[in-house]
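Counting starts at 1 for both ligands and their atoms, following the listed order. Since the model is a prediction, treat every value here as computed from it, not as a measurement.
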Amino acid sequence: MMRKRYLMAPGPTPVPPEVLAAGAEPVLHHRGPDFRALMMRVLSRLQEVCRTKNDVLVFTASGSGAFESAIVNLLSQGERVLAVSAGEFGERWASTATAYGADVHDLRYSWGETPRPEDVKNRVEETGAEVVFLVHSETSTGVVADVQALARAAREAGAISVVDAVSSLGAVRLDTDAWGLDVVVSGSQKALMTPPGLSVSTVSSAAWERCARTTTPRVYFDWTRLRASLETGTTPFTPAVSLVVSLDKALEMLLEEGLEAAFARHAALGRACREGAKAMGLTLYSPDEERSAIVTAILTPDGVDARELVLALRQRFGITVAGGHGELGARMFRIGHIGYYDVFDITTALSAVEVLLAEGGADIERGAAVSRALEAFREAVSV
Ligand SMILES: *Cc1c(COP(=O)(O)O)cnc(C)c1O
């Protein structure tokens, strides 16, 4: 039988056909005039999406590469950093900075908690950290933090902020300049609707000042060298040229929809997913709140192993959702809804979950989830 595939994880995400087609155009030379004009346009579109006048850097690397670039450009051996974590990604940045010999202090919450600004302020004052790592959307738990307040708390205590916005950029509000975010890191394969392989970082003047003093060795990820090339629309090394073409198209589509409209759509998708899951009688792990618009983390009913559900969704229906990390693997699955996504993607995912759970004997009113999701989406977009 023909098997259609559905990508419903919080990254990589589905890529619009126009974006795929753009990436299939003949390869450009990265020092030629066509590529230079393209790169300049991509940088200015990224500034618009990040809502910043700061420099934007583009890397041929996944999101973790861009975050590592922030570490090697901002922290010398032994310099103090506060890593705020409440899930997989926050913990990853703490261990990456440790690997580079930074003096890493933690503000570690249990997974699923939402970090609090007063805790950031206290920990920065206590530790004397000069840099704070924040995660905007903690994709492992579905929590979207108030990075505006967290970064303000860091700044008031004298530290600059490095924000992981890999899964949030383009999906929920992020105002780099108005919120005073020094460094914002993102990746191509989430809400930016582009295949994996590119990542970006914005850099404030305060971050550039630190960068000039940082003694950690760096070559491929050297920001100063990259900025000098990007000023003329090229890069020090050969970039993933075709992905840059794709990203340009995807950014054009996002800006054509409008950032505010995209944020409203994602909020409505999140609401539809949560309401649909609850209508099926399922318990949410991610917060039942408006800004949790990236990924909905759902607990399986007692006795249902989430890993088996995730496997069956793929094998029976060609649907890829994400499982839970670590200990949560047995209990939790996550439906991503960022980027090229509409409400019928939500209902597809929910109805497939419903079929499998009902087959397993769960007491579910058939069709309730889909009806409720559609209704919740309509309510959300008409407000
Ligand atoms: C996807 C993601 C990353 C980056 O992971 P890569 O696999 O390196 O692209 C980082 N942080 C968050 C919150 C993410 O969702």
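Salt-bridge formation is not detected for the pair Glu231/Arg225: no Lys NZ or Arg NE/NH1/NH2 atom is positioned less than 4.0 Å from an Asp or Glu carboxylate oxygen.
By the 3.5 Å distance cut-off applied to N or O atoms, Trp93 is not counted among the residues near ligand 1. Geometrically, ligand 1 and Glu138 share no nitrogen or oxygen pair separated by less than 3.5 Å. An N or O contact shorter than 3.5 Å is missing between Pro10 and ligand 1 by distance.
A side-chain contact (heavy atoms from CB on, under 4.5 Å) with Pro115 is found for one member of Leu150, Leu107, Leu134 and no other, namely Leu150.
Between Phe67 and Phe133, the distance from one ring center to the other falls under 6.0 angstrom.
From the protein, the heavy atom lying nearest to atom 2 (C) of ligand 1 is Lys190 NZ, 2.5 Å. The shortest contact between atom 11 (N) of ligand 1 and any protein heavy atom is with Asp164 OD2, 2.6 Å. Scanning the protein heavy atoms around atom 4 (C) of ligand 1, the nearest turns out to be Val166 CG1, 3.8 Å.
Between Phe221 and Phe59, the ring-plane angle classifies as perpendicular under the 30° and 60° cut-offs.
Seen from the ring of Trp223, Arg218 does not count as a face-on cation partner, given the 6.0 Å and 45° thresholds. Annotation: cation-pi pair Lys190/Phe89 present, NZ/CZ under 6.0 Å from the ring centroid and within 45° of its normal.
Ligand 1 has no atom lying under 4.0 Å from any heavy atom of His136. Contact annotation: Gln189 has at least one heavy atom less than 4.0 Å from an atom of ligand 1.
With atom 6 (P) of ligand 1 as the reference point, the heavy atom nearest to it among Ser62, Gly197, Ser137 is part of Ser62.
Annotation: the span from Leu82 atom CG to Ser161 atom OG amounts to 12.0 Å, rounded to 0.5 Å.
Every atom of ligand 1 with a heavy atom of Ser167 under 4.0 Å away is listed here by number and element: 15 (O). Short contacts between ligand 1 and Thr139, defined as distances under 4.0 Å to a heavy atom of the residue, involve ligand atoms 12 (C), 13 (C), 14 (C), 15 (O).
Judged by distance alone, the side chains of Ser64 and Arg92 do bring a donor and an acceptor atom under 3.5 Å apart.
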